Amino acid sequence: MNAPVYLDHAATTPVDPRVAAYMAEVLARGLGNPAANHAAGRAALALIEEARADVAALVGADPRNIVFTSGATEANNLAIEGTLRAARQRLPRAAHQVVTLSTEHKSVLEPVRLAARRGVLTTILQPDHQGRLAPEALAATLTADTRLVTLLHVNNETGVAQDLAALSEVCAARKVPLHVDACQSAGKLPLDVAGLAMLSFTAHKLGGPQGIGALYVAPDHRGYLAPMLVGGGQERGMRAGTLATHQIAGFGMACRLARAALPEMARRMVALRERLWRGLADLPGVQLNGHPLRHAPHILNVGFSGVEGESLFRGLPGLALSTGSACNSASAEPSYVLRALGRDTQQAQASLRFSLGATTTEAEVEAAIAQVRAQYLRLRQMSPARPPPEFAIGACGLRYLGEAGAERLGAWVRLAAHVEGGFVKAASAQVYGCPETVAACRLVCSRLVDQPVADLAVGSPEQWRTIVEAPVEKLGRMLIIEDALGALRPE
Ligand code: PLP
């Protein structure tokens, strides 16, 4: 079987082969510790400083203001925790406030949540239904105690881009430092750190290796940031630890390549994204999750109504993409980002995030359109909105119907049986549910045929669960099938 079409570049991009080759070559050079004062150390340091210049140039920064980290998670933690820690040291008795948006990445929301537990006042703003934060809403929350505003530039799930210029103006007017997580925009949109206190980004979203990222720290914010990792004093005291020379070299090259390719790459991705959206937008019940205009070139998030999210996602084995739910248990958590945009649980779970990258082709986009259309329309055929099946019922035949569950419970089943002379002659099911629920309904329908309607012997929910290999948490969905069987009555 062919490898699935990779449309998950917002999660991680494949390493650019030129970057991989360069990193392998750097590793083979036998370089020393960049802190060491001998030739092998100095050679490593020279490579690092060359890379630092390329990393800085991508975001319009002075290389001296770049701090290498293990990725954006660490950069975000350092920005938030480091700023709050420095504020506590400076003003131990003052109140401290941090402001963010409810749709931020977890690597921002978690440090903010931990700060709240330590008594920091946290203000978590809500975006509008298109994912944007109004500058006035931000302005209204800032106080003399606000130590930091932390915001995503481009949301990783929806691709919605905030108006950074307007938001940073609000912060500047109140002299509040603004930290921006630019993981999804670095290399995709032009970036400039002017006016920002800090900016995080990471190599593995732009063709570089995993495990290396950077925090830009403005010179006038440096004194307001305490390090999280202390030790050998590397990175001008901001982040101790031996620098990962080959990772940094790869990051540098990825940034250089991304910067050179940026305008052309962005144009290409915009065209591919448009093509993808045009290929899906005419389907019934489809909606764009996000903003129609203010978005990154590479992310498209689409909601599908009337179908169950896990069945939609698992019916697309030819595509590697992300969905709006955790998708592996009976209680798949709907995406908090999509919920914040006003989507209900069903809509959030039945949403797909397509994210494109340098390697994405038109043929791959067409393949994605064809596969998603086919699977979505197939599931809609079984949806609650469809009338029950017609059977060729003779003079003495009857149609029995039994229905149970609800979309909001994650499973809905309607069984239909054609009964003649007291025996089931044919049976069929309409299902809104996960693939195992659909499989169990098929099993039950096949077992219903030839059964006496007065005493249906089709097995137990536990038995169906075992046969269709559903995890034990899905027993509840099997019970819904049993309820539908119990509800079977002549029309
Ligand atoms: N912030 C955003 C917006 C992201 O998309 C990611 C990626 O998962 C991160 C932070 C975390 O980056 P890293 O994997 O480098 O820690």
Side-chain angles (χ1 to χ4, degrees), residues 306-317 323 325-334 345-346 349-350 375-376 378-393 397-491:
V307 301
E308 200 271 342
E310 195 179 345
S311 282
L312 177 65
F313 182 69
R314 286 189 24 208
L316 298 169
T323 165
S325 81
C327 228
N328 45 22
S329 71
S331 59
E333 279 296 306
T345 299
Q346 181 277 325
Q349 287 175 334
Q375 174 64 0
Y376 179 50
R378 193 178 75 76
L379 290 176
R380 294 263 303 184
Q381 276 297 307
M382 300 194 291
S383 86
R386 220 190 91 212
E390 292 296 336
F391 295 110
I393 297 174
L398 276 175
R399 182 168 71 170
Y400 277 56
L401 291 178
E403 195 177 311
E407 282 176 71
R408 70 189 152 70
L409 300 178
W412 167 92
V413 174
R414 184 195 275 148
L415 296 174
H418 168 205
V419 177
E420 233 178 78
F423 283 83
V424 177
K425 295 292 171 201
S428 146
Q430 285 166 265
V431 198
Y432 170 97
C434 66
E436 288 85 1
T437 310
V438 175
C441 282
R442 281 213 187 93
L443 172 73
V444 167
C445 284
S446 70
R447 288 183 170 187
L448 274 172
V449 177
D450 294 334
Q451 290 287 322
V453 73
D455 185 20
L456 297 170
V458 290
S460 68
E462 181 51 32
Q463 193 190 51
W464 309 328
R465 187 189 72 76
T466 312
I467 292 172
V468 302
E469 295 177 5
V472 70
E473 308 90 79
K474 289 191 172 173
L475 183 60
R477 297 177 187 198
M478 306 293 128
L479 294 171
I480 287 176
I481 304 174
E482 188 181 48
D483 289 345
L485 271 171
L488 272 175
R489 300 278 180 278
E491 267 189 295

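What you see is a predicted model; the values in this text were computed from it and never measured.
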Quiz prompt | Side chain T323, main chain F313, donor-acceptor under 3.5 Å | solution = no

Quiz prompt | Shortest non-hydrogen contact between H418 and G397, atoms and distance | solution = NE2-CA, 4.2 Å

Practice problem: State, yes or no, whether a side-chain contact exists between P461 and I481 at a heavy-atom distance under 4.5 Å. | Solution: no

Quiz item: Is a side-chain donor or acceptor of S446 paired with a backbone partner of L443 at a separation under 3.5 angstrom?
Solution: yes

Self-check item: Smallest separation among heavy atoms of E407 and P384, with atom names
Solution: OE2-CG, 3.8 Å

Quiz item: Side chain of W464, backbone of V458: donor and acceptor closer than 3.5 Å?
Solution: yes

Quiz prompt | Residue list, side-chain hydrogen bond (donor to acceptor under 3.5 Å, both in side chains) with Q375, at least two apart or on another chain | solution = R378

Practice problem: Keeping to residues at least two apart or across chains, list the side chain to side chain donor-acceptor pair (under 3.5 Å) pairs with something in residues 481-491. | Solution: R399-E491

Quiz item: Is there a donor-acceptor pair under 3.5 Å between the side chain of Q451 and the backbone N or O of V453?
Solution: no

Exercise. Heavy atoms only: give me the nearest E462-R465 pair and the separation to one decimal.
Key: OE2-NH2, 2.8 Å

Quiz item: Under the side-chain hydrogen bond (donor to acceptor under 3.5 Å, both in side chains) test, which residues partner E390, sequence neighbours left out?
Solution: none

Quiz item: E403: what forms a side-chain hydrogen bond (donor to acceptor under 3.5 Å, both in side chains) with it, not counting sequence neighbours?
Solution: W412, R414

Quiz prompt | Within-4.5 Å side-chain heavy-atom neighbours: V424 and D450 | solution = no

Self-check item: Y432 to Q346 - nearest heavy-atom pair and separation
Solution: OH-CG, 2.8 Å

Quiz item: If you look at every heavy atom in V449 and A427, which pair is closest and at what distance?
Solution: CG2-N, 4.2 Å

Quiz item: Okay, side chain of S383, backbone of L379: is any donor-acceptor separation there less than 3.5 Å?
Solution: no

Self-check item: Residue pairs fulfilling side chain to side chain donor-acceptor pair (under 3.5 Å) with at least one residue in residues 436-445, sequence neighbours excluded
Solution: R314-E436, E436-K474

Exercise. Identify, with sequence neighbours excluded, every residue that meets side-chain hydrogen bond (donor to acceptor under 3.5 Å, both in side chains) alongside Y376.
Key: R380

